[in-house]
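Below: the structure, in structure tokens.
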Amino acid sequence: MSRYIFVTGGVCSGLGKGVASGSIASLLENRGYEVRMIKIDPYLNVDAGTMNPFQHGEVYVTDDGAETDEIKARIFRVGEQPGVDVTMVEIGGTVGDIESIPFLEAARQFIHDIGRENVLFVHLTLVPVVYMGEPKTKPTQHSVRELREIGIQPDVLLVRSHDPLEEDLRRKISLFTDVDKEAVLSAYDVRTTIYEIPLVYAEQKLDEIIVRKLRLPPKGLVRDGWRAYVDRFVGATRTAKVAIVGKYTDLHDSYISIFEALLHGAVANDARVELVKIEGEELEDGRDLAGVFAGCDGMLVPGGFGSRGIEGMIRAVRFARESGLPFFGICLGLQIMVVEYARAVLGLADANSTEFSPESKHPVVSLLEEQVDVKTYGGTMRLGRGDSHLAAGTRIAAAYARRVISERHRHRYEVSNRYRKQLEDAGLVVSGLTPDESLVESVEWPDHPWGVGVQFHPEFTSRPTAAGPLFAAFIDACLSQKR
Ligand code: GLN
């Protein structure tokens, strides 16, 4: 039977519950346990998937493309899959918010459903420093009290602070919260990379504490991939400077998986990555792009919805294609590549996606039902994992070193099959297709150092110690460009 670990947060938002959950899961996996993760966004009757990234941050996509909730049944459905040792449930928001109450109540009921010894509550709090540099534990005490009012006594506290917590503060927090002193962990700010966090927890024996409290039978495995990763990260000598031309570039969180995946790709090349974030909209005034992208080693256009900034992105993409700047287009980025190519190379001046111009005479990107030759599909979002078949001899096939791949999708519009042949005849390489060949999954520019667009989102499956192949290949192209 799976044990359940609930991760909550108090005092304020943005303490890093996701990172904490991921770090704990990784420590348990390193000991051989099979772990599943659930992230709950505590909204009722709101489709979190359609919220503006400015308010909400990125919309992450899982293999099954799930966007729904139905609290306890959904959690059990994950935990009851065969072979699962631990199910981690991160409850978003801050304890005390009205919207999270039903979710915390669901967590509390687990104590009765499966027994206290099979449930572990991890609570993140903050010890702020007030003037004269004095760290304060009161907000932590209050936030634990709030949790206890709901009926949840935390087993582990991860106390966020700028510097490591002094022993006497840990003792004080333990005294006022009834959490064992050894389980009051100092989750201080790391100075290198967030991937050092599992090491900080391991140093304080968090994995041992969890294994003991949940009575997890030993699996006889102790692995540690993080030290090597952190060392490689710290030791990187080269830098790839990558321009991101998007529409939510002001908020770091809206493209967080892409930024992380670029970092994974950089570390795989023993390099660092420097990001230059540019709003597509700003490039619409005709300014000189050679100046804008001077010093950049590559360009990436990420996913996005709606027409704001599209013409600026098209200009940027044309600049990358014509100047030989390594280019990586993701989802919307691929669609922009296709529109730009149709305009400049096929000479279809008003080519567009029907998302931005429903009246376009040349809808090279459109909904499937708008493409007369395919009538059977609906206009709903294509979500979750799906296979692509890659053409031999292409950059994407070289990057993955295989011909069949499986990546996650989240989009509505497709490259129009009515224009596929024309585009190919004009040189655009269609390098990936769905297994039934009905949809374009990736394209590449001919005669270009590295210009690849994908309809799927490879950033969601990239991992620090197993970089997404396209990110590693893209960064490699950026570094070669530099030489
Ligand atoms: N808006 C585009 C579509 O729906 C691209 C989506 C995306 O980039 N995730 O197809």
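Numbering of ligands and ligand atoms starts at 1, following listing order. Note that the structure is a prediction, hence the values are computed from the model and not measured.
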Ligand 1-proximal atoms of Q335, by part, heavy-atom distance under 4.0 Å: side chain
Of W445, F327, F328, the residue whose pairing with W450 passes ring-ring contact (aromatic ring centres under 6.0 Å, His included): F328
Do [X] and [Y] meet the criterion of a side-chain donor-acceptor pair at a distance under 3.5 Å?
| X | Y | answer |
| --- | --- | --- |
| S388 | E407 | no |
| R408 | H457 | no |
| Y419 | H362 | yes |

With only distance considered, is [X] within less than 3.5 Å of ligand 1 through an N or O on each side?
| X | value |
| --- | --- |
| G304 | yes |
| R410 | yes |
| L332 | yes |

Basic-acidic side-chain contact under 4.0 Å: E90, K17: no
Carboxylate-amine/guanidinium proximity below 4.0 Å for R343 and D350: no
contact_flag H457 ligand 1 heavy-atom lt 4.0 Å: yes
Protein residue, atom and distance nearest to [atom], heavy-atom basis:
| atom | answer |
| --- | --- |
| atom 3 (C) of ligand 1 | R412 N, 3.4 Å |
| atom 7 (C) of ligand 1 | C331 SG, 3.0 Å |
| atom 1 (N) of ligand 1 | E355 OE1, 2.7 Å |
| atom 10 (O) of ligand 1 | Y413 N, 2.8 Å |

Plane angle bin for F6 and Y4 - parallel if under 30°, tilted between 30 and 60°, otherwise perpendicular: parallel
